[in-house]
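Report on one structure; see the data block that follows.
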Amino acid sequence: MDKIRVRFAPSPTGTLHIGGARTALFNWLFARKYLGKLVLRLEDSDIRRSSEDSALGIMDGLRWLGLDWDEGPDVEGDFGPYRQSDRIDIYRKYLDQLIDQGKAYYCFCSSEQLAAEKEAARLAKADYRYAGHCQTISKSEAEERIQNGENPVIRFKSPTDGVLVVHDLIRGEVEFNNRLLDDFIIAKSDGWPTYNFAVVVDDYGMCISHVIRAEEHLSNTPKQILLYQALGWELPQFAHVSMILAPDRSKLSKRHGATSVQEFRDEGYLPEALINYLALLGWSSGEDRDFWTISELIERFSLDGISRSPAVYDIEKLGWMNGHYLSAASADRIAIMLHKEAHRRGFISDHSEDKFIRVVALVKNRVKTINEILNEGSYFFEPVSSYDEKGCKKYFQKENSSTLLKEALKLCQESDFFSVENLEQELRQRAEELNIKAAQLIHPIRLALSGRTATPGIFEVMEVLGKNECIDRINSAILYAESLKSR
RNA sequence: GGCCCCUUGGUCAAGCGGUUAAGACACCGGCCUUUCACGCCGGUAACAGGGGUUCGAGUCCCCUAGGGGUCACCA
């Protein structure tokens with residue numbers, strides 16, 4: 001097999017969409033697996049809609065996911081330039097070639113005229129196809145009109161009969177009838193190529209061996225193949241990956257929540273979790289296996305495993321997976337990610353870095369996203385401002401509540417808070433002496449220290465909080481519990 | 001609407017002519033436990049419908065239905 005070269009070719013008109021990210025991932029895995037090259041190409045031939053910010057955002061998103069490229073706008077390569085806006089001369093050359101060969105022609109029809117024809121076709125319930133008025137305009141006449149300031153588009157002269165078959169690596173052979181095609185536009189009146197023309201020139205020029213892209217491009221493929229043929233070029237292999245759908249099976253859009261990888265990043269998902277989840281959305285190795293490292297994915301990835309049917313993405317499962325990766329991640333790493341916000345909320349001062357990391361270590365195992373960590377662990381850094389209502393009923397308003405809280409207080413006062421193990425031992429021993437269950441002390445302490453009924457292990461919480469803080473908080477709780485009684 | 005693709009539980013998804021039709025998420029029980037989460041055990045739940053082909057069909061073919069894509073001087 002010739003050298004494997006694939007590409008990811010986003011148009012920088014928005015963010016890196018989760019579907020685009022998956023396409024990029026599949027291309028990346030394919031390139032890495034077969035020791036090929038991945039090229040990143042910016043399809044910015046629509047100057048008006050493209051922006052540098054968007055391009056930067058997309059590249060940033062890819063990098064965050066760990067998907068690197070071997071050639072691209074920012075990486076020298078032998079097949080550049082890698083942004084369409086820098087390739088106008090190349091397009092021009094092949095456009096001219098097709099016109100010289102009579103395979104394409106200038107079209108001067110006004111958009112008003114075309115719109116009217118389309119409307120007429122619609123009213124007649126007929127399919128609209130460009131009628132080919134300008135096919136007969138001679139080259140010299142066309143040149144003269146251009147000299148005189150007209151700005152024609154260029155149309156490709158499509159065949160009017162025959163069947164064209166796309167050999168798709170995922171879908172098999174897909175047939176299209178040429179009769180349905182009209183003379184589509186390959187260059188706009190501003191001189192820029194349209195998508196269908198630019199991809200062909202670029203994929204050929206960049207020696208792309210496999211075009212792995214979203215299914216939305218399948219219907220365009222016949223046009224592109226016609227162009228390859230007209231230009232006398234060998235076809236790449238095609239593989240059209242099905243789309244990712246929203247839970248209601250409609251196209252994924254903003255109203256379905258996060259759709260871009262930057263949003264997932266901002267909402268506290270880990271890149272390795274997103275990669276793992278995306279890899280399994282629409283691809284399967286056939287094995288009964290949920291967790292995959294990047295190198296395992298590279299090793300097992302294959303186009304055969306890509307599903308033909310569209311996949312609905314399930315945020316719950318992503319969350320579940322992220323939770324697992326969060327547990328596995330080091331507290332240091334997560335703490336760094338939270339640093340800025342933790343500072344803003346006053347959770348970290350100059351000498352409390354260590355405490356913050358300990359809290360992160362305790363809390364990260366029980367949440368699904370990084371962003372939940374600060375709220376989940378807020379009581380480690382802020383005084384308890386209220387107590388869980390149900391908790392109060394159970395642990396602060398019982399007959400013996402005060403007694404138990406006072407026992408807890410005494411326990412803290414007498415302990416040296418030497419270690420988690422020690423604390424536990426001391427508490428259990430005290431419970432035994434009092435002839436009560438350890439839980440009878442533990443629950444009130446948890447509520448007193450955190451205001452909550454669910455926290456990490458109570459002895460860890462005590463240790464992190466420290467002796468003085470525990471004593472203060474239990475004292476406050478005693479006062480609060482008594483105030484409840486007197487009401 | 002024309003053309004194209006797709007169709008196994010709510011979701012992902014295994015299956016590639018012969019299986020009691022895996023597994024995961026979610027959901028519901030139970031266990032473990034100081035709570036929550038994790039973990040463990042168990043449960044509910046699927047081959048869109050109809051025709052063929054075949055000894056035998058989730059697996060092959062056709063039709064219908066539903067979903068998606070595409071028909072731009074957007075990509």
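Quick caveat, the model's predicted, so the values are computed rather than measured.
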Between [N] atom [atom2] and [X] atom [atom1], what is the distance in whole Å?
| X | N | atom1 | atom2 | result |
| --- | --- | --- | --- | --- |
| A:I306 | B:rC5 | CD1 | C1' | 15 Å |
| A:F176 | B:rG69 | CZ | C1' | 10 Å |
| A:F197 | B:rC74 | CZ | P | 15 Å |
| A:N196 | B:rA75 | CG | C1' | 9 Å |
| A:I88 | B:rC73 | CD1 | P | 17 Å |
| A:I170 | B:rC5 | CD1 | C1' | 12 Å |
| A:K223 | B:rC4 | NZ | C1' | 13 Å |
| A:E426 | B:rU34 | CD | P | 18 Å |

Any base atoms under 4.0 Å from [X], or only sugar-phosphate, or nothing? Heavy atoms, all strands.
| X | result |
| --- | --- |
| A:K251 | sugar-phosphate |
| A:I458 | base |
| A:S284 | sugar-phosphate |
| A:V174 | sugar-phosphate |
| A:S309 | sugar-phosphate |
| A:E175 | sugar-phosphate |
| A:A438 | nothing |
| A:R446 | base |
| A:E215 | base |
| A:N220 | base |
| A:R49 | base |
| A:G319 | nothing |

Selection from [options] that lies nearest to any side-chain heavy atom of [X]:
| X | options | result |
| --- | --- | --- |
| A:K317 | B:rG2, B:rC73, B:rC12 | B:rC12 |
| A:I185 | B:rA13, B:rC73, B:rA75 | B:rC73 |
| A:E216 | B:rC25, B:rG69, B:rC5 | B:rG69 |
| A:S219 | B:rC73, B:rG10, B:rG69 | B:rG69 |
| A:H443 | B:rG23, B:rU34, B:rG68 | B:rU34 |

My understanding is that a pair needs two contacts under 3.5 Å, Watson-Crick or G-U wobble. By that rule, which nucleotide pairs with [N]?
| N | result |
| --- | --- |
| B:rA24 | B:rU11 |
| B:rG58 | none |
| B:rC3 | B:rG69 |
| B:rC38 | none |

Please state the [atom1] separation for the pair [N] and [M] - nearest whole angstrom.
| N | M | atom1 | value |
| --- | --- | --- | --- |
| B:rU19 | B:rC25 | C1' | 24 Å |
| B:rG39 | B:rC16 | C1' | 35 Å |
| B:rU70 | B:rA75 | P | 14 Å |
| B:rC62 | B:rA46 | P | 28 Å |
| B:rG29 | B:rC63 | P | 48 Å |
| B:rA57 | B:rG18 | C1' | 9 Å |
| B:rA14 | B:rU59 | P | 16 Å |
| B:rC31 | B:rG23 | C1' | 22 Å |

Has [X] got a side-chain N or O lying under 4.0 Å from the OP1 or OP2 atom of [N]?
| X | N | result |
| --- | --- | --- |
| A:T455 | B:rC36 | no |
| A:R249 | B:rC12 | yes |
| A:R289 | B:rA14 | no |
| A:S242 | B:rG69 | no |
| A:H324 | B:rG39 | yes |
| A:K188 | B:rA75 | yes |

Parallel, tilted or perpendicular: rings of A:F156 and A:F184 (30°, 60°): tilted
Pi-cation contact, A:Y379 with A:R452 (under 6.0 Å, within 45°): no
Cation-aromatic face contact A:R155/A:Y130, 6.0 Å, 45 degrees: yes
Residue met sooner reading RNA chain B from 5', once A:T13 and A:L180 are mapped to nucleotides: A:L180
Closest-nucleotide 5' rank along RNA chain B - winner of A:D290 and A:W283: A:W283
Check: A:W283 ring centre within less than 6.0 Å of A:F26 ring centre: no
A:Y480-A:Y387 aromatic ring centre distance below 6.0 Å: yes
CA sep, side-chain torsions, deciding dist, call: A:Q237, A:H210, side-chain hydrogen bond (donor to acceptor under 3.5 Å, both in side chains): CA-CA 5 Å; A:Q237 307 250 47; A:H210 299 254; 4.7 Å; no
Approximate separation, where rounding is to 0.5 Å, of A:R446 CZ and A:D388 CG: 11.5 Å
A:E426/A:S415 under side-chain hydrogen bond (donor to acceptor under 3.5 Å, both in side chains): CA gap, chis, key distance, verdict: CA-CA 8 Å; A:E426 286 164 359; A:S415 171; 2.7 Å; yes
Check against side-chain hydrogen bond (donor to acceptor under 3.5 Å, both in side chains), A:H240 and A:R213: CA-CA 5 Å; A:H240 288 93; A:R213 73 219 320 186; 3.1 Å; yes
